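Owing to the predicted nature of the structure, the values given are computational and were not obtained by experimental measurement. The basis for the numbers below is simple: all heavy atoms, side chains too, and nothing from hydrogens, waters or symmetry mates.
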Protein chains: 2
Amino acid sequence: MSRKITLKDIAKELDVSTSTVSKALRGSSEISQKTRDKIIAFANYYHYKPNSTALKLQSQKTMVIGIVVPEIVHHFFTKVISGIEKVLNKYHYNVMICLSNESLNKEILNINMLTDGSVDGLIVSIAKETLEKNDFSHFNEIKNNDIPLVLFDRISDKIESDKVIVDDIGGGYKATKHLMEIGCKNIALLTTPSHVTVGLEREKGYLKALKEVKLPSNIIHIHENKNIKEQIEKLFNQSNVYPDGIFAVNEIYAATAIKIARSKGLKIPEDIAIIGFTDGLISKFTEPALTTIAQHGLTMGEQAAELLLYRIKDKERPFEKKVISTNLKIRKSTQKK
Amino acid sequence: MSRKITLKDIAKELDVSTSTVSKALRGSSEISQKTRDKIIAFANYYHYKPNSTALKLQSQKTMVIGIVVPEIVHHFFTKVISGIEKVLNKYHYNVMICLSNESLNKEILNINMLTDGSVDGLIVSIAKETLEKNDFSHFNEIKNNDIPLVLFDRISDKIESDKVIVDDIGGGYKATKHLMEIGCKNIALLTTPSHVTVGLEREKGYLKALKEVKLPSNIIHIHENKNIKEQIEKLFNQSNVYPDGIFAVNEIYAATAIKIARSKGLKIPEDIAIIGFTDGLISKFTEPALTTIAQHGLTMGEQAAELLLYRIKDKERPFEKKVISTNLKIRKSTQKK
DNA sequence: AAAAATTACGAAACCGTTTTCGTGTTGAAA
DNA sequence: TTTCAACACGAAAACGGTTTCGTAATTTTT
């Protein structure tokens, strides 16, 4: 109920100046013990708390970091955000999260808004539409306002900044290699449209592994606006080859593939082995449980936050690109007896 | 690179006063067309953007809403957050998200920090530890600073505020009733410790349904610090009764129960039917797919945001408690042929 | 041509802090 | 008793804007 109390209020009430109050509350020895105690007691009684906006204006620091992600209803992104939060919190930063919903326009809006001085730094993962349209001009706004920026996961070479990515090529390679090692000869890839950088990179790893032993490739690009299940189903309707292994670049594709394969009466992994690139929860609960290439979203977030903190401290340091390596988490979907 | 430019810079450069610049940029007719154009051109050229902190201090509004949730790596919470974001964004509010990690201390820290004037309102879901210790004194801080507050999902009667909850009792009732309708006689409940309000409410619904037809109850409280799987397994080791139906208050418990039941060679739903209370993604991918009571997290978020906006506009309105009704989403895990 | 109204702008206060720089009082040293 | 530090505090500037009010200069009205 009590209207918010300010320094000025305290000063007036106690008949001292605002400077005295300010100093007293910050424990300055400039103020006598007596006055200090009186002021502190009064302030506590009325639950005085310095106005953070005034503090920010004064210190020219907001202690807030903006995060722009394509969506939040996505296990990987929440993991990354948790990682970011974890380290940022240690240094008393707060996070302001904006969702681009994979839309270029929303991303532009978010970035324009965040570069108005409300944050001390930005961590962003680029929206699909942005990548597709290849339009990154809004990132100039960040550069113009010279706000520290770290890009993660969905990045672009067109933007100069610190970056954190997972070793998508290596992961794709590992996944494919693993399928080969358990005897797969016709390995299909379920991936995104190629403007999504991470999908493309994983594809590179996949192709690299295949090329080494001259196995044929079989790539299906899934478009998210169309029915995912139907698109994956095509894999099983191909007349020429029948895959005995599937590498899916994300959890949904992989889990859907498992569902479909089972509905076709295929045994996993005997008839067809499946592996997914993901950090998610679904993998543990599919039947059989899904073997995955773990992305380490948490680590990614931590590293992104650290890079940002470094840059805030030193704007002149050279840009850094961190690569988080993946690892293979073997579960039943590739474990032949 | 270019250092941030301020009103004062423009004023000095163009040899006018800051008031003139401010007015010109806000399109005031008080300033002549000529001067206005000149100022606007100059401002655009140098990418001038008013400092948001200064604006906030001046307007005494931050246009930021704080959200405190137990964790973000949780489908339900991300859904709610998306809902909040959706409506808040429409009104040009931004969100600042803080994680309590289910810890009372962290929650206190978050709330203390957010009540320093950095936000115009707060939306929170209470941490488990807070509920367990039954200590809500930190919410007084919110009241003292008279910041609008909306509680969602995990609430407490001890806190006066607007609230949004799902119809947990009704949902628990629906779930249990559904199991009864497909012929289950021994329905077990997998739930949280009883200090978690939502678990307790769902239990109430469960008991209500059982009581109506005098079926026996069989409740297992799962403790999160212990191994979940082992605790659920006990259900199948009970000497006296063997359940033919399981109602789990969340997705993980339900999906784990499915895994365990299958490993025991039970057929789902013939031998044992399973239903979960959740909005999550896992349900679609378990084998068989899990029947659920849908929570409508998105709706919840939207309503929470709307309630908050109402209160910001009118601090005197009576507190409101919205109840989001659930609905039954039947999948294979309860669909006997 | 004098009076009134309009135009176009600047000065200053204000939002809530912190911080630098004085300055009047004391108490101690000379 | 005079001189000088030390002490305890206040005035004012600063952070970056907005806004109210005042006022010269110009234009319109009479």
Figure out the NZ/P separation between Lys23(B) and dC9(C), and round it to whole Å.
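Result: 10 Å.
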Check the interface with nucleotides 12-16 of chain C: list each N/O to N/O pair with the protein under 3.5 Å, or write none.
from	atom 1	to	atom 2	distance (Å)
dC15(C)	OP2	Lys8(A)	NZ	3.2
dC15(C)	O3'	Gln60(B)	NE2	3.3
dG16(C)	OP1	Gln60(B)	NE2	2.9

Check: Arg154(B) side chain, Val69(B) main-chain N or O, donor-acceptor pair, under 3.5 Å
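Not confirmed, Arg154(B) side chain does not pair with Val69(B) backbone.
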Residues forming a side-chain hydrogen bond (donor to acceptor under 3.5 Å, both in side chains) with Lys321(A), sequence neighbours excluded:
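Here no residue qualifies.
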Can a donor-acceptor pair be found between the side chains of [X] and [Y] at a distance below 3.5 Å?
X: Ser22(A); Y: Ser19(A); result: no
X: Ser100(B); Y: Asn110(B); result: no
X: Glu141(A); Y: His47(B); result: no

Are Val166(A) and His296(A) packed together at the side-chain level, in the sense that at least one heavy-atom pair is separated by less than 4.5 angstrom?
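Sidechains of His296(A) and Val166(A): no contact.
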On DNA chain D, reading 5' to 3', which nucleotide is the first and which the last to sit with an atom under 4.0 Å from a heavy atom of chain B, could you check?
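Extent of the interface on DNA chain D: dC15(D) to dC21(D).
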Carboxylate-amine/guanidinium contact Asp146(B) Lys4(A), below 4.0 Å
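No, this pair does not count.
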Can we say Glu129(A) and Lys106(A) salt-bridge, meaning some charged N sits less than 4.0 Å from an Asp/Glu carboxylate O?
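The answer is no: the pair does not qualify as a salt bridge.
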Identify all side-chain donor-acceptor contacts of residues 8-16 of chain A below 3.5 Å with residues at least two apart in sequence or on another chain.
from	atom 1	to	atom 2	distance (Å)
Asp9(A)	OD2	Thr6(A)	N	2.9
Asp9(A)	OD2	Thr6(A)	OG1	3.3

What are the residues of residues 27-42 of chain A, sorted by number, that bring a heavy atom to within less than 4.0 Å of DNA chain C?
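Of all residues in residues 27-42 of chain A, the ones placing a heavy atom under 4.0 Å from DNA chain C are Glu30(A).
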Can you name the ring pair (Phe, Tyr, Trp, His ring centres under 6.0 Å) partners of Tyr48(B), sequence neighbours left out?
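Checked Tyr48(B) against ring pair (Phe, Tyr, Trp, His ring centres under 6.0 Å); zero matches.
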